[in-house]
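Positions are given from 1 along the sequence.
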Amino acid sequence: MSQAPEVLAWIGLGANLGDRGAALTRAVRALAALPATRHVRVSGLYASAPIDAGGPDYLNAVAELSTRLAPLALLDALQAIEQAAGRERPYRNAPRTLDLDLLAHGEQQLDTQRLTLPHPRIGERAFVLLPLAELAPNRVTAAQLQAVADQRIERVEGADWVQRLNGA
């Protein structure tokens, strides 16, 4: 039996309830522990205002993974990590303890009821574009960055935030 090829996948991470930094740290650890997946890199941390919602500011980052998991298997794993973090979905855009979005899975294009790749709102969100540009500048255009320039966002930590939050 042949093994699936390894592809790069980008995951948007966000939290705006509870200890946001700890939630993102645990999420990165969980991503690194996924089967058939290697944790590659994590962007810096960004604080951003909620879009189309109320609640406290979000803490956001993007993780780049090298994985052999198929897109839907990766989505299932992300949702299990969210569930373990106490994620509830009482209504659309509700505040959350953890939000993990599969932004892209290699160059795969997919449009199903469960998953659209690349993520359909990447170009509308500064909290995705800025950290994604750190990891994969070829995936973000100047025009996309200009289109979100009016969104409130602030870089708060460098890419070594996971080690610092873990006390390493």
Return the minimal non-hydrogen interatomic distance between [X] and [Y], and the atom names on each side.
{"X": "Ala85", "Y": "Thr97", "answer": "O-OG1, 3.0 Å"}
{"X": "Tyr58", "Y": "Gly14", "answer": "CD2-C, 4.2 Å"}
{"X": "Val40", "Y": "Ser66", "answer": "CG2-N, 3.4 Å"}
{"X": "Ala61", "Y": "Val42", "answer": "CB-CG1, 4.4 Å"}
{"X": "Ala136", "Y": "Arg41", "answer": "N-NH2, 4.5 Å"}
{"X": "Leu102", "Y": "Pro71", "answer": "CD2-O, 3.7 Å"}

First locate atom [atom1] of [X], then atom [atom2] of [Y], and finally report the distance between them rounded to the nearest 0.5 Å.
{"X": "Leu74", "Y": "Leu65", "atom1": "CG", "atom2": "CG", "result": "6.5 Å"}
{"X": "Leu34", "Y": "Arg29", "atom1": "CG", "atom2": "CZ", "result": "14.5 Å"}
{"X": "Leu100", "Y": "Leu31", "atom1": "CG", "atom2": "CG", "result": "6.0 Å"}
{"X": "Tyr46", "Y": "Arg152", "atom1": "OH", "atom2": "CZ", "result": "15.5 Å"}
{"X": "Leu117", "Y": "Trp10", "atom1": "CG", "atom2": "CH2", "result": "11.5 Å"}
{"X": "Gln144", "Y": "Arg125", "atom1": "CD", "atom2": "CZ", "result": "13.5 Å"}

Indicate yes or no for a side-chain donor-acceptor contact from [X] to the backbone of [Y] under 3.5 Å, with no hydrogens or angles considered.
{"X": "Gln151", "Y": "Glu124", "value": "yes"}
{"X": "Glu154", "Y": "Ala47", "value": "no"}
{"X": "Thr116", "Y": "Asp111", "value": "no"}
{"X": "Arg20", "Y": "Asp57", "value": "yes"}
{"X": "Thr112", "Y": "Leu115", "value": "yes"}
{"X": "Ser43", "Y": "Val62", "value": "yes"}
{"X": "Thr25", "Y": "Ala23", "value": "no"}
{"X": "Asn16", "Y": "Pro56", "value": "yes"}

Within one Ile-Leu-Val-Met-Phe-Trp-Tyr cluster: Leu69 and Val7, side-chain cutoff 4.5 Å: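 No; tracing contacts between hydrophobic side chains, which count when under 4.5 Å, never links both residues.
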Just do the side-chain contact (heavy atoms from CB on, under 4.5 Å) check on Arg114 and Leu72 with the steps written out, would you? CA-CA 8 Å; Arg114 283 197 65 212; Leu72 288 174; 4.0 Å; yes
Does any non-hydrogen side-chain atom of Thr67 lie less than 4.5 Å from one of His105?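 His105 reaches Thr67 side chain to side chain.
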Could you walk me through whether Arg139 and Glu107 satisfy the salt bridge (Lys or Arg N to Asp or Glu O under 4.0 Å) test, starting with their C-alpha distance in whole Å, then the side-chain angles of each, then the deciding distance to 0.1 Å, before giving a yes or no? CA-CA 10 Å; Arg139 297 191 76 89; Glu107 298 305 317; 3.0 Å; yes
Using a strict threshold of under 4.0 Å (side-chain N to carboxylate O), is an ion pair present between Arg155 and Glu134? yes
In terms of side-chain geometry, is the basic nitrogen of Arg26 or Asp19 positioned less than 4.0 Å from the acidic oxygen of its partner? no
For Val128, which of Val148, Leu103, Asp101 qualifies under side chain to side chain contact (heavy atoms under 4.5 Å, CB included)?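 Exactly one candidate clears the test, Leu103.
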Under the side-chain contact (heavy atoms from CB on, under 4.5 Å) criterion, do Asp99 and Leu13 qualify, and how do the steps go? CA-CA 6 Å; Asp99 186 30; Leu13 297 92; over 6 Å; no
